[in-house]
Protein chains: 2
Amino acid sequence: MAHPAREADIRQTYEQIQELSRRITDRSRRLSEPLSFVEHSLLRFIAATPGTRAIDIAAAFSLNRSTVSRQVAALTGMGLVAELEHDAGAPGRGRILALTGEGEAKLAQAAAAQQESLRERLAGWSDDEVHAFATALARYNTPE
Amino acid sequence: MAHPAREADIRQTYEQIQELSRRITDRSRRLSEPLSFVEHSLLRFIAATPGTRAIDIAAAFSLNRSTVSRQVAALTGMGLVAELEHDAGAPGRGRILALTGEGEAKLAQAAAAQQESLRERLAGWSDDEVHAFATALARYNTPE
DNA sequence: CACGTTTTGTTGCATGATGCAACATAGGAG
DNA sequence: CTCCTATGTTGCATCATGCAACAAAACGTG
């Protein structure tokens with residue numbers, strides 16, 4: 001084979017990503033944290049995507065409209081998300097979603113908690129190693 | 001702050017791992033592949049852990065015994081997993097699980113499919129970059 | 001402006017993964 | 001042999017999800 005070492009590394013990458021995703025679902029089962037995995041993901045997306053509508057979330061997450069509808073309703077019920085009054089908004093279809101102040105606070109709180117445990121996990125890594133890992137992950141997530 | 005760059009890298013790592021896990025659940029929803037995510041995880045664990053019993057799986061995955069019982073029953077029903085006759089086995093409690101030939105074939109098939117898509121995703125990476133990524137992931141998954 | 005079409009959101013029903021608790025069973029300890 | 005503990009199974013509930021039918025809102029055409 002032309003690149004035996006590369007093939008082995010790809011296999012290891014595959015196994016480690018499998019393992020990583022297993023640990024992530026594991027963790028999200030055990031720790032309720034302030035937010036569930038899905039809730040956290042939705043809040044992150046809404047926060048990061050100004051002008052988002054429910055259907056945009058569905059597209060981004062490969063979820064059915066109905067699922068997003070219910071999840072968003074739950075978050076709205078918790079007071080974390082609200083529909084934007086589109087008085088000044090663009091005249092598009094659908095309802096624009098945004099985080100409430102409470103939603104932003106919860107998201108920040110959850111992010112801080114997870115970053116804290118990440119900080120511990122990376123305690124033995126040098127600055128350069130952390131930087132390289134972050135860069136490689138970003139590259140992996142955003143090909144092309 | 002003492003390490004502003006490191007903090008930024010940790011934040012990016014956090015975000016990228018979030019994004020990665022989102023994409024993984026996304027993918028596992030869309031692609032049925034030969035095996036579902038849970039099935040695949042269980043087969044991988046059973047294959048990698050000789051002498052495993054159902055309760056070991058529950059512990060490793062932070063799952064309830066009942067859940068594992070049902071999943072294993074399903075895999076057994078599909079002929080992918082079987083209880084080992086413990087004639088030669090150690091006289092411990094519980095039933096030892098192992099993959100059948102068919103189970104090993106399915107697992108290999110699923111692994112090959114996912115490694116193929118991984119190969120495409122890493123197409124633009126140099127051998128060294130792939131190696132560094134695999135190493136970093138392994139280190140991240142196995143701290144201490 | 002009115003009507004029909006398309007987009008977006010909601011709700012009813014079904015499925016699958018999961019947890020808890022009660023129960024069943026098997027292996028070891030005395 | 002009897003009891004205890006570890007392991008596994010089953011009944012019931014919950015939650016995330018999908019599909020399909022429906023509802024509502026925005027748009028376009030005449």
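Naming: A, B, ... by sequence-line order, numbering from 1 per chain.
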Q: Would you mind listing every ring pair (Phe, Tyr, Trp, His ring centres under 6.0 Å) that reaches into residues 108-127 of chain A, with sequence neighbours excluded?
A: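 Ring pair (Phe, Tyr, Trp, His ring centres under 6.0 Å) check on residues 108-127 of chain A returns A/Trp125-A/Phe133.
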Q: With A/Thr135, which residues qualify under side-chain contact (heavy atoms from CB on, under 4.5 Å), at least two apart?
A: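 With sequence neighbours excluded, A/Thr135 shows a side-chain contact (heavy atoms from CB on, under 4.5 Å) to A/His131, given in chain and number order.
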Q: If I take atom CD in residue A/Glu83 and atom C1' in nucleotide C/dT8, what distance separates them, rounded to the nearest angstrom?
A: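 Taking CD of A/Glu83 and C1' of C/dT8, I get 11 Å after rounding.
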Q: Let me know the distance between CD1 of A/Ile57 and C1' of D/dT17, rounded to the nearest Å.
A: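 So the CD1-C1' distance, A/Ile57 to D/dT17, works out to 16 Å.
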Q: Which ones in residues 66-77 of chain A lie close to DNA chain C, meaning a heavy atom under 4.0 Å from one of its atoms?
A: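 Correct list: A/Ser66, A/Ser69, A/Arg70.
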Q: Let me know the distance between CG of B/Asp56 and P of D/dA6, rounded to the nearest Å.
A: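 In whole Å, D/dA6 P lies 14 Å from B/Asp56 CG.
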Q: Return the value, rounded to whole Å, for the distance between atom CD1 of A/Ile96 and atom C1' of D/dA25.
A: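 These atoms are roughly 13 Å apart.
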Q: Send over the distance from B/Phe61 CZ to C/dT18 C1', rounded to a whole Å.
A: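 Rounding to the nearest Å, CZ of B/Phe61 and C1' of C/dT18 are 15 Å apart.
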Q: Could you list all the salt bridge (charged side-chain N to carboxylate O under 4.0 Å, His left out) pairs where at least one residue sits in residues 54-74 of chain B, not counting sequence neighbours?
A: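 Of all non-adjacent pairs touching residues 54-74 of chain B, those that pass salt bridge (charged side-chain N to carboxylate O under 4.0 Å, His left out) are B/Arg53-B/Asp56.
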Q: Within this structure, what is the CD1-to-P distance between A/Ile55 and D/dA25, rounded to whole angstrom?
A: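 A/Ile55 atom CD1 is separated from D/dA25 atom P by 16 Å.
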Q: Restricting to side-chain contact (heavy atoms from CB on, under 4.5 Å), what partner residues turn up for A/Asp128, sequence neighbours left out?
A: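 Partners of A/Asp128 under the side-chain contact (heavy atoms from CB on, under 4.5 Å) test: A/Ser126.
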Q: If the cut-off is 4.0 Å, is A/Arg65 near the phosphate of D/dA21, judged by side-chain N/O to OP1 or OP2?
A: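 So the side-chain polar atoms of A/Arg65 never come under 4.0 Å of the phosphate oxygens OP1 or OP2 of D/dA21.
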Q: Taking only the side-chain nitrogens and oxygens of B/Asn64, find out if one of them lies under 4.0 Å from OP1 or OP2 of C/dT18.
A: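 Answer is no, no contact under 4.0 Å.
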Q: Send over the distance from A/Met78 CE to D/dC15 P, rounded to a whole Å.
A: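 Computing the A/Met78:CE to D/dC15:P distance gives 12 Å.
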Q: I want to verify a distance call: between C/dG9, D/dG8, C/dT18, whose nearest atom is closest to the B/Arg53 side chain?
A: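 My answer, after comparing the listed nucleotides, is D/dG8.
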Q: Is A/Glu129 paired with B/Arg139 through a side-chain N to carboxylate O contact shorter than 4.0 Å?
A: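 Answer for the salt bridge query: yes.
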Q: How close or far is atom P of C/dT10 from atom CG of A/Leu63, stated in whole angstroms?
A: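 Whole-Å distance recorded here is 15 Å.
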Q: Can you name the side-chain contact (heavy atoms from CB on, under 4.5 Å) partners of B/Ala111, sequence neighbours left out?
A: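 Once residues adjacent in sequence are excluded, the partners of B/Ala111 under the side-chain contact (heavy atoms from CB on, under 4.5 Å) criterion are A/Tyr14, B/Gln115.
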Q: Looking only at side chains, do A/Glu19 and B/Asn141 share a donor and an acceptor under 3.5 Å apart?
A: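 Side-chain D/A pair, A/Glu19 to B/Asn141: absent.
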